[in-house]
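Both ligands and their constituent atoms are indexed starting at 1 by order of listing.
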Amino acid sequence: MSEVQPLTESSVIEYVKQREVYDKVFRRAEDLQAEQITEGNVNLLFRVYSAAAPKEKSVIVKQALPYAWRYPDFKMPVDRSRIEYEVLKIEGTYCPEQVPILYDYDEERHILIIEDLNRHLVMREGLMQQKRYPHVDRHMGIFMARTLFYTSDLYLSSGEKKAMVPRFINPVLCKVQEDLVFTQPYIEHPNNRYTPKLEPQVRAIYADDDLRSEIFMFKERYMTHAQALIHNDLHTGSIMLNEEETKVVDPEFAFFGPMAHDIGTYFANLALSYAAQEYHARDPQERADYRAWLADLIVRTWNIFEEEFLRLWEEEGNEDWPSPTFRRKYMHQLLQDTAGFGAAEMMRRLIGLAHVHDFWTIEDEDVRATAESLGLNIAKAWIKNHSKVGRIEDIVEMVVEAKPEI
Ligand code: SR1
Ligand code: MG
């Protein structure tokens, strides 16, 4: 592995000046400034902008170091930068409106230069402020349908698909997810962290081998079901949006895995936001209204996803699956698996290593415990009942009916 020189706020300016983007975006402006962005867990990130036109002349510089930026003990190959570059190109082919502009990829220094989405907000933060996004249902439903369909065996020929899989094996980042999402939250592990009042619920999870066996069924599916090129970290921190546009970022974890892991991860993070409104939406009526909007967003997103996915299958699918009954079974399985993978994502964000802003920001431990307890019980309902799910409304009913234990 080549020696990696981490960029700094001053060296990143010199770096940008040597790249094509200095002409293309900055028109060789002399007043470049840089600031480090400390969101995210994995990469070194900078915003580089012209002081005179900070919104228009601005880019994001993203460098992959041989470890996760926030968790240096997690060694991660710099090749994830190449994976991110290739996946952004593929996603951009099928769903250009939901993908940021890619300006540059430096194979030697593992650096990507991408569009600065400074007109957009991280979705997780927007949800914490009860913002409503009128088009995010369509944008995310279409994004998931297209990226998943066009990289699956329903569209690609058997040979094309098999030739693609090895380019996205991504073993180290997959192992991170296997451990953090599907293993450690279900055993006593030094990486786990949780609000002390959750102790009885956490103990009950460790002792519930039926629940753990279901999670491990999904872990095995995650590890073995190379169904489509999935984003593999599709939480609301990987989505930047405003009222008009939605952009999905950070696909460095991508590999050929189960589609429902992406859909479930996204829905899980909407459900986590639903639980965290216990704190973020202070007024009870406002909380109830916003929770209803979030619950409905899950339903609308699935419906748009399903409609678009089936339309693509009908119009552009290959000839290898000539059975309407198979299509129905396939979509049904996808929906049930969405609940299972979603449960794993919720649990790991509440009792595993990598927590989320929705809950971190709740300083009052009692309120945080109540919100997190609700989140855990939604997850528990999803994993226990995934095989009974017949409609998206069943998944949402479990959200609405769950109660905190604290
Ligand atoms: C050590 S990386 C922790 C988490 O951050 C990423 O966003 C992935 O979700 C990973 O599990
Ligand atoms: Mg990320």
Side-chain angles (χ1 to χ4, degrees), residues 36-46 60-85 87-88 91 98-100 102 110 112 114 117 120-125 143 147 168 170-186 189-194 215 218-219 222-223 230-241 247-255 257-258 261-270 272 341-360 379:
Q36 189 176 349
I37 301 171
T38 53
E39 283 159 22
N41 292 329
V42 179
N43 298 298
L44 202 47
L45 282 178
F46 297 91
I60 297 295
V61 180
K62 180 168 182 176
Q63 183 178 29
L65 302 174
Y67 51 85
W69 171 77
R70 192 185 297 280
Y71 306 102
D73 288 347
F74 278 79
K75 304 303 168 208
M76 289 186 170
V78 287
D79 183 52
R80 66 185 187 273
S81 190
R82 192 261 317 158
I83 290 186
E84 176 159 3
Y85 164 69
V87 174
L88 283 171
E91 292 173 346
Q98 271 73 66
V99 180
L102 183 59
H110 323 292
L112 286 159
I114 54 179
L117 299 169
H120 303 71
L121 183 64
V122 176
M123 186 173 187
R124 188 182 302 289
E125 309 298 320
F143 174 84
T147 56
F168 302 99
N170 216 350
V172 178
L173 275 71
C174 284
K175 180 73 168 90
V176 168
Q177 302 299 59
E178 288 157 24
D179 292 343
L180 295 188
V181 182
F182 297 102
T183 310
Q184 293 171 5
Y186 310 98
H189 193 282
N191 278 346
N192 292 342
R193 291 183 291 115
Y194 48 85
I215 292 284
F218 283 97
K219 174 181 173 182
Y222 174 82
M223 293 171 72
I230 67 170
H231 181 287
N232 197 19
D233 202 21
L234 195 52
H235 57 85
T236 47
S238 299
I239 299 169
M240 307 272 306
L241 79 178
K247 306 277 182 184
V248 177
V249 299
D250 284 0
E252 71 255 37
F253 280 81
F255 82 123
H261 183 61
D262 270 5
I263 310 167
T265 297
Y266 178 52
F267 288 174
N269 280 271
L270 297 181
L272 287 170
F341 283 114
E345 167 69 5
M346 288 189 79
M347 291 205 181
R348 72 87 165 230
R349 296 293 186 188
L350 295 166
I351 61 176
L353 173 90
H355 287 229
V356 286
H357 258 198
D358 313 54
F359 298 97
W360 280 353

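Taking the six-membered ring where the residue is Trp, His261 and Phe182 present tilted rings, their angle falling between 30° and 60°.
Ring pair Phe341/Tyr266: centre-to-centre distance not below 6.0 Å.
Two residues are said to be in side-chain contact when any heavy atoms from C-beta on lie closer than 4.5 Å; Phe46 and Ile60 fail this criterion.
When hydrogens are left out, the protein atom nearest atom 11 (O) of ligand 1 is Gln177 OE1, 2.6 Å; that is the closest non-hydrogen contact. For atom 9 (O) of ligand 1, the closest heavy atom belonging to the protein is Asp233 OD1, 2.7 Å.
Not counting sequence neighbours, the partners of Arg82 by the salt bridge (charged side-chain N to carboxylate O under 4.0 Å, His left out) test are Asp79, Glu86. Applying the salt bridge (charged side-chain N to carboxylate O under 4.0 Å, His left out) criterion to Asp262, with sequence neighbours excluded, gives no partner residue.
Of the N and O atoms on the side chains of Asn43 and Glu252, at least one donor lies less than 3.5 Å from an acceptor on the other residue. For the residue pair His235 and Glu345, no side-chain donor N or O sits within less than 3.5 Å of a side-chain acceptor on the partner.
The ligand atoms of ligand 1 that sit less than 4.0 angstrom from a heavy atom of Phe74 are 1 (C). Against a heavy-atom cut-off of under 4.0 Å, Arg349 is close to the following atoms of ligand 1: 9 (O). Those atoms of ligand 1 with a heavy atom of His235 less than 4.0 angstrom away are 7 (O). The ligand atoms of ligand 1 that sit less than 4.0 angstrom from a heavy atom of Leu180 are 3 (C), 11 (O). Against a heavy-atom cut-off of under 4.0 Å, Phe253 is close to the following atoms of ligand 1: 6 (C), 8 (C), 10 (C).
Of the charged side-chain nitrogens involved, none lies within less than 4.0 Å of a carboxylate oxygen, so that Arg80 and Glu84 do not count as a salt-bridged pair.
Contact annotation: for Arg70 versus ligand 1, there are no heavy atoms closer than 4.0 Å. Contact annotation: for Arg348 versus ligand 1, heavy atoms closer than 4.0 Å belong to the side chain alone.
Residue contacts with ligand 1 leave out His355, since none of its heavy atoms falls under 4.0 Å from the ligand.
The shortest N/O to N/O separation between Asn41 and ligand 1 falls below 3.5 Å.
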